[in-house]
Amino acid sequence: MSIAVAHPAPTPLPLPCPRLRSLLVDAAERARHPRAEARELAPGLHELIARRGPDRRLQIPARDELRLHGLGPAAAFSRARGGTCGEALEFGRAGPLPGVHAYLLGGPGGIDTAVAALELARLAARHDAALGPAGAVLAVPARGTALFLAPRARGLRRALARAGSFRQFWCSDADDAPLRLRESLRFLATWTANAHARLPRPVSPALYWQRPGAPLAVLVPDARAEFEPPPELLALA
């Protein structure tokens with residue numbers, strides 16, 4: 001007499017993962033996609049996961065759809081940032097005076113790669129460069145546009161040129177020119193305020209501070225207002 005052995009049903013394998021991208025948006029844009037995977041990085045700045053379709057257009061998948069692909073929140077954001085950093089990155093460097101400069105990533109009308117500004121440390125390390133102990137001060141004034149400076153970074157301009165295309169305008173400083181931090185922060189603030197007022201799809205007028213090992217924090221809530229750099233930033237820079 002034979003005995004039938006019951007075998008457990010095989011566990012369904014996750015579906016092939018879509019081509020995810022990470023977008024930096026304001027609260028209003030996040031609210032337009034209540035079922036999407038999203039998180040607040042700092043006041044006024046949200047990260048939203050998108051999917052690039054076969055026609056290269058971005059779509060916003062529901063978080064339930066991502067779960068069908070076996071992606072929890074951490075894995076989804078990690079894959080989305082990796083996908084964005086794998087796009088063609090375009091950097092620029094500008095400055096009105098010697099020792100006064102800031103960087104630009106992306107711009108209106110192009111592929112939205114602004115989140116790569118939050119991956120500067122990894123991009124730099126990949127190309128034998130490093131951020132300084134002060135990390136980076138950055139802004140996202142409009143969709144697809146990030147502005148930043150990195151006090152005491154080593155080899156950053158060279159690393160950005162290797163990570164993507166790079167152009168320099170208004171600025172002829174050597175890579176090792178001493179940074180005038182106060183003046184550079186004011187230049188960054190002015191640039192941020194103008195971009196937030198003039199570019200389409202504004203995101204945030206704030207300046208943010210990304211320190212190594214610390215969450216993204218607001219440095220200046222509104223770049224249009226007068227401000228004094230905090231002593232802890234000046235001490236690290």
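Judged by distance alone, the side chain of W209 and the main-chain N or O of A134 form a donor-acceptor pair under 3.5 Å. A donor-acceptor contact shorter than 3.5 Å is absent between the side chain of Y208 and the backbone of A136. Formation of a donor-acceptor pair under 3.5 Å by the R152 side chain with backbone atoms of L236 is found in this model. A side-chain donor-acceptor contact under 3.5 Å links R158 to the backbone of D128. In this structure a side-chain-to-backbone donor-acceptor pair under 3.5 Å is present from R180 to P98. Looking only at distances, no side-chain donor or acceptor of T145 sits under 3.5 Å from a matching main-chain atom of G106.
Taking CZ of R154 as the start and CG of L131 as the end, the distance is 10.0 Å to the nearest 0.5 Å. Atom CG in L97 sits 8.0 Å away from atom CD in E183 (nearest 0.5 Å). Taken from CZ in F166 to OH in Y103, the straight-line distance is 5.5 Å, to the nearest 0.5 Å. Expressed to the nearest 0.5 Å, how far CD1 of I111 lies from CZ of R52 amounts to 5.5 Å. Once rounded to the nearest 0.5 Å, the distance linking CD1 of I49 with CG of L71 reads 8.0 Å. Rounding to the nearest 0.5 Å places CG of L20 at 7.0 Å from CZ of R79.
Across L233, V100, L179, L234, a single residue satisfies side-chain contact (heavy atoms from CB on, under 4.5 Å) together with L185, and that is L233. Across T84, L118, T113, D112, a single residue satisfies side-chain contact (heavy atoms from CB on, under 4.5 Å) together with S22, and that is T84.
Both L149 and F187 belong to a single network of hydrophobic side chains, linked directly or stepwise wherever heavy atoms of I, L, V, M, F, W or Y lie under 4.5 Å apart. Under a hydrophobic-cluster definition in which Ile, Leu, Val, Met, Phe, Trp and Tyr are linked whenever side-chain heavy atoms come within less than 4.5 Å, directly or via other members, F227 and W191 are assigned to the same cluster.
At a threshold of 4.0 Å, the pair E37-R51 does not count as salt-bridged, since none of the basic side-chain nitrogens sits closer than that to a carboxylate oxygen. The pair R211-E232 fails the salt-bridge criterion, with no side-chain N (NZ, NE, NH1 or NH2) lying under 4.0 Å from an Asp/Glu carboxylate O. At a threshold of 4.0 Å, the pair E40-R30 does not count as salt-bridged, since none of the basic side-chain nitrogens sits closer than that to a carboxylate oxygen. With respect to E29 and R32, a salt bridge is recorded, a charged nitrogen being found less than 4.0 Å from a carboxylate O.
Side-chain contact between S204 and V140 is absent, with no heavy-atom pair separated by less than 4.5 Å. With a 4.5 Å cut-off on side-chain heavy atoms, L188 and L207 count as touching. Under the 4.5 Å side-chain criterion, counting only non-hydrogen atoms from C-beta, H33 is not in contact with R63. C85 places none of its side-chain heavy atoms less than 4.5 Å from the side chain of R21. Counting heavy atoms from C-beta on, the side chains of R93 and L104 never come closer than 4.5 Å. Looking at heavy atoms from C-beta onward, L160 lies out of side-chain contact with L105 at the 4.5 angstrom threshold.
In plain terms, the two heavy atoms of D26 and P202 that are nearest each other are OD2-O, 3.5 Å.
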Exercise. For salt bridge (Lys or Arg N to Asp or Glu O under 4.0 Å), just list the numbers for E65 and R35, CA-CA rounded to whole Å, side-chain angles, deciding distance to a tenth of an Å, and then say yes or no.
Key: CA-CA 10 Å; E65 178 183 340; R35 299 176 59 214; over 6 Å; no
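Residues meeting the side-chain hydrogen bond (donor to acceptor under 3.5 Å, both in side chains) test with R162, sequence neighbours left out: none.
Heavy atoms from other residues, nucleotides or ligands lying under 6.0 Å from CZ of R122 number 12 at most.
The aromatic rings of F91 and F148 sit perpendicular, their planes meeting at an angle over 60°, well past the 30° parallel limit.
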